[in-house]
Amino acid sequence: MAGQKPLLELENFIAGKFIACNSHIDSYDPSTGEVYCKVPDSGKEEIEAAVTAARGAFPHWSSTSPQDRSQIMNKLADLLEQSLEDFAQAESKDQGKTITFARTVDIPRAVYNFRFFASSILHHTTDATQMDSMGCLHYTVRSPVGIAGLISPWNLPLYLLTWKIAPAIAAGNTVIAKPSEMTSVTAWMLCKLLDKAGVPPGVVNIVFGTGSKVGEALVSHPEVPLISFTGSTLTAERIMLKSAPHCKKLSLELGGKNPAIIFDDAHLSECIPTTVRSSFANQGEICLCTSRIFVQRRIYEEFLARFVEAIRKWKVGPPSDPTTSMGALISKAHLEKVRNYIKKACAEGARILCGEGVDNLNLPSKNKGGYFMLPTVITDIKDESCCMKEEIFGPVACVVVFDTEEEVIERANDVKYGLAATVWSNNIGRVWRVSKKLQSGLVWTNCWLIRDLNLPFGGMKASGIGREGAKDSYDFFTEVKTITVKY
């Protein structure tokens, strides 16, 4: 069509060079539903090339001092920060998230990931003990493992990709990363900065494509001894199966069905806006989003009324509009999946208080084909409903009533997931008791999504295996050895 922009065509990044691929996957702009990008449809051949490059780069990079690695990573962070607006615009267009969220959360956090691990790598210590009776000194050393396979999801593309790349290369490993085929653009843009920052060829290799082809080739490769994956529990089962014959180290950050527990002494003026954000930020497409809201009976009706009122003030619209509160969902298939959960809830007799099927969604004409839906609240729903048990991963929150502390703890824990939870109460004793009894890897009290990267991040039960953070990531991306010296 005359005047139509040419499609953006990405290339794999292997051994410090961009390499074209013979076949491609269509990538859609979620805000319009139109194809705007071609992503390499890679496979075993590209993974073999990446393994060769990573293997070749490992001896030099692993022997590079932590100080020199830190300096390179800080330079990379500087370059990324200098291009923050370009990366934010690209992330918003590629994923459907608001430009405001990309500017204030995604890209700044990607910058900070590099700076944080560039610093933390300089401050790890090892253990030592003496056995004077035996005339022995024992001490530990840590060494990089080798080639790290990193698989990141589509919801926070650069944010979570750098959360894996940064600790892996800080520890001296080389990496092969596979971003989601639905959100590959900012990973491709990052490749352009690596050489400028001084990252040697082969240290970071990025291979684009589907999980069934690139992902399987990566996790099955005998020369890739560890896999760090963020994504669905179902995909993680496949990764474990394929990794088992090689006894690979696995770090799996998976799904959640996160509860918010709101006691009747909570400050609703703080609780309500935070719970709106924890439920619907990034279109509800964050593994830490609240999806089950338990409200104590005395304040239940008041909470519902004020919660719905606050939600209706959120603006759903073009991600490029700085006044938009919520953008588009990632794909047409995902939008239909989320809508189907709402249909199931209605069939079970639940009530929709706002959002899908209740309120009108007004969009500009150019966005009519986009994957938008309104933030939706479901109530009068049973704990056994699939909407209360399964991860929806969209802008849907179920609000239910509870009476006692013991009751709500049991109900909050009655799912297969255990990633995150929030507790709202002014009773410090209750906060301590409930937080300790919740089966969640993270518990926020009277707040949400405040993180210290020094501390462990990860979930219980079907929400994952392992933890990420300063010490935990260092332990995962290194092997420990105990050495005994007799004197």
Side-chain angles (χ1 to χ4, degrees), residues 10-14 21-28 30 35 37-51 54 94-96 147-165 168 175-188 204-246 248-256 285-287 329-337 390-391 393 462-466:
L10 309 188
E11 295 176 313
N12 291 314
F13 187 76
I14 299 171
C21 189
N22 294 327
S23 58
H24 294 84
I25 306 162
D26 288 340
S27 182
Y28 293 81
V35 175
C37 179
K38 295 286 188 180
V39 177
D41 187 14
S42 310
K44 287 185 178 180
E45 182 180 343
E46 288 81 4
I47 289 295
E48 284 295 343
V51 167
D94 203 28
Q95 201 273 339
I147 302 171
L150 313 176
I151 303 175
S152 55
W154 50 256
N155 61 323
L156 301 166
L158 194 66
Y159 175 136
L160 291 177
L161 179 66
T162 56
W163 178 235
K164 297 180 184 300
I165 290 177
V175 307
I176 302 170
K178 190 208 91 67
S180 168
E181 67 275 16
M182 291 191 284
T183 52
S184 297
V185 173
T186 50
W188 173 73
V204 177
N205 307 275
I206 298 187
V207 182
F208 301 100
T210 63
S212 60
K213 291 173 66 176
V214 174
E216 290 240 351
L218 182 58
V219 301
S220 303
H221 202 289
E223 291 187 65
V224 180
L226 77 172
I227 300 292
S228 176
F229 168 77
T230 298
S232 73
T233 302
L234 188 63
T235 302
E237 292 174 6
R238 183 74 177 168
I239 289 173
M240 287 188 281
L241 184 66
K242 290 293 183 178
S243 298
H246 307 288
K248 295 175 187 272
K249 291 181 76 173
L250 297 178
S251 173
L252 306 174
E253 197 277 284
L254 311 177
E285 296 170 330
I286 304 176
C287 59
L329 276 70
I330 184 63
S331 69
K332 185 177 181 179
H334 188 60
L335 174 62
E336 288 306 312
K337 172 192 165 186
E390 300 173 12
E391 185 178 44
F393 215 65
S463 288
I465 296 173

Nearest-0.5 Å distance, [atom1] of residue [X] to [atom2] of residue [Y]:
| X | Y | atom1 | atom2 | value |
| --- | --- | --- | --- | --- |
| S42 | K213 | OG | NZ | 8.0 Å |
| K249 | L226 | NZ | CG | 6.5 Å |
| S212 | E181 | OG | CD | 8.0 Å |
| E390 | T233 | CD | OG1 | 11.5 Å |
| H334 | E285 | NE2 | CD | 4.5 Å |
| W188 | I206 | CH2 | CD1 | 12.0 Å |

To check you understand the geometry: which heavy-atom pair defines the closest contact between [X] and [Y], and what is its length?
| X | Y | answer |
| --- | --- | --- |
| T183 | I330 | CG2-CD1, 3.6 Å |
| A187 | L161 | CB-CD2, 3.5 Å |
| F393 | C287 | CE1-N, 3.5 Å |
| V219 | S243 | O-OG, 3.9 Å |
| S27 | D94 | OG-OD1, 3.8 Å |
| L160 | T230 | CD1-CG2, 4.1 Å |

Practice problem: With sequence neighbours left out, write down each residue that passes salt bridge (Lys or Arg N to Asp or Glu O under 4.0 Å) with E223, or none if nothing qualifies. | Solution: R55
Self-check item: K242: salt bridge (Lys or Arg N to Asp or Glu O under 4.0 Å) partners, not counting sequence neighbours
Solution: E216
Quiz item: Is it true that atom NZ of K332 has more than 12 heavy atoms of other residues, nucleotides or ligands lying nearer than 6.0 Å?
Solution: no
Self-check item: Any side-chain heavy-atom pair of Q95 and P157 under 4.5 Å
Solution: yes
Quiz item: Going by heavy atoms in the side chains, are P179 and S152 under 4.5 Å from each other?
Solution: yes
If only atom types and distance count, is the side chain of [X] paired as donor or acceptor with the main-chain N or O of [Y] below 3.5 Å?
| X | Y | result |
| --- | --- | --- |
| K178 | G149 | no |
| H246 | S220 | yes |
| N205 | A177 | no |
| N12 | F208 | yes |

Practice problem: Give the C-alpha distance, both sets of side-chain angles, the deciding distance and a yes or no for side-chain contact (heavy atoms from CB on, under 4.5 Å) between D26 and V35. | Solution: CA-CA 6 Å; D26 288 340; V35 175; 3.9 Å; yes
Quiz item: Could you walk me through whether I147 and H221 pass the side-chain contact (heavy atoms from CB on, under 4.5 Å) check?
Solution: CA-CA 10 Å; I147 302 171; H221 202 289; over 6 Å; no
